[in-house]
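Structure record follows, encoded as structure tokens.
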Amino acid sequence: MVTTKAVTKKAPFSRRVVDHVTDELVNVLSTGETFEFKALFSKVFEGLKLKNAVSGGEEMLRLRSYEKILKLTNCGLVKKVGKTYRALEGIESASSAHRLARLDSAILAAAQATA
């Protein structure tokens, strides 16, 4: 006799801290310019160096940046045409400040609903 266990779904892990790489990508892309990835990464890298937020080395940061830009593209906040990237309307919603503000307002609304 074969028995199966019920598989419980776990909520995906989400970080609730500032994401410097995404914030810098949003800052650079918010200028309205179109960038190839090399130029985009060089601006992001320089911005992160100024903020002293570079960790893990340049190659690791390049991989993280590429992963973040693909995530922004899949969310519909960045448009990729060929090898160039351009921000679309609403790119600011991807920044950590905006995300943390939404989280704070949701927590406040839940607290008010229980009170």
Side-chain angles (χ1 to χ4, degrees):
M1 179 175 191
V2 177
T3 60
T4 60
K5 284 186 175 182
V7 178
T8 59
K9 277 192 167 185
K10 292 183 180 179
F13 175 74
S14 65
R15 295 177 59 182
R16 286 176 175 72
V17 295
V18 176
D19 183 3
H20 296 291
V21 176
T22 303
D23 287 347
E24 196 60 33
L25 279 168
V26 168
N27 289 340
V28 172
L29 288 170
S30 293
T31 61
E33 295 180 46
T34 301
F35 295 97
E36 285 193 7
F37 183 74
K38 283 184 178 183
L40 177 63
F41 176 73
S42 65
K43 288 190 175 258
V44 168
F45 186 67
E46 290 300 317
L48 291 174
K49 278 191 345 188
L50 289 175
K51 294 178 184 177
N52 199 19
V54 177
S55 63
E58 186 176 348
E59 286 303 313
M60 184 57 77
L61 185 62
R62 184 182 306 275
L63 290 171
R64 288 176 49 213
S65 298
Y66 189 71
E67 180 182 70
K68 301 287 183 179
I69 195 75
L70 288 180
K71 183 177 179 184
L72 291 172
T73 303
N74 289 337
C75 290
L77 299 173
V78 174
K79 183 176 183 180
K80 180 180 179 185
V81 177
K83 292 185 177 183
T84 60
Y85 297 92
R86 184 175 56 89
L88 297 176
E89 193 173 315
I91 186 72
E92 292 82 17
S93 67
S95 71
S96 293
H98 189 270
R99 186 175 44 86
L100 292 173
R102 282 186 308 191
L103 182 64
D104 288 344
S105 65
I107 292 171
L108 182 63
Q112 289 176 348
T114 59

So Leu40 and Leu25, do their side chains get closer than 4.5 Å, heavy atoms only? yes
May I ask you to decide whether Glu46 forms a salt bridge with Lys49, counting only side-chain N to carboxylate O separations under 4.0 Å? yes
Mind checking the [atom1]-[atom2] spacing from [X] to [Y]? Nearest 0.5 Å is all I need.
X	Y	atom1	atom2	value
Thr22	Leu72	OG1	CG	6.0 Å
Leu29	Glu24	CG	CD	10.0 Å
Glu92	Leu77	CD	CG	9.5 Å

Tell me every residue that passes side-chain contact (heavy atoms from CB on, under 4.5 Å) with Ala53, counting only those two or more places apart in sequence or in another chain. His20, Leu48, Lys51
Verify the cluster assignment for Leu88 and Val28: are they in a single hydrophobic cluster under the rule of side-chain heavy atoms below 4.5 Å apart? no
Path from Leu63 to Leu70 over hydrophobic side-chain contacts below 4.5 Å: no
Sorted by first residue and then second, give each salt bridge (Lys or Arg N to Asp or Glu O under 4.0 Å) pair with at least one member in residues 69-86; sequence neighbours left out. none
My understanding is that only one of Tyr85, Phe37, Phe41 makes a ring pair (Phe, Tyr, Trp, His ring centres under 6.0 Å) with Tyr66; could you say which? Phe37
Might you point out which heavy atoms bring Val26 and Ser30 nearest each other, and give the distance in Å? O-OG, 2.5 Å
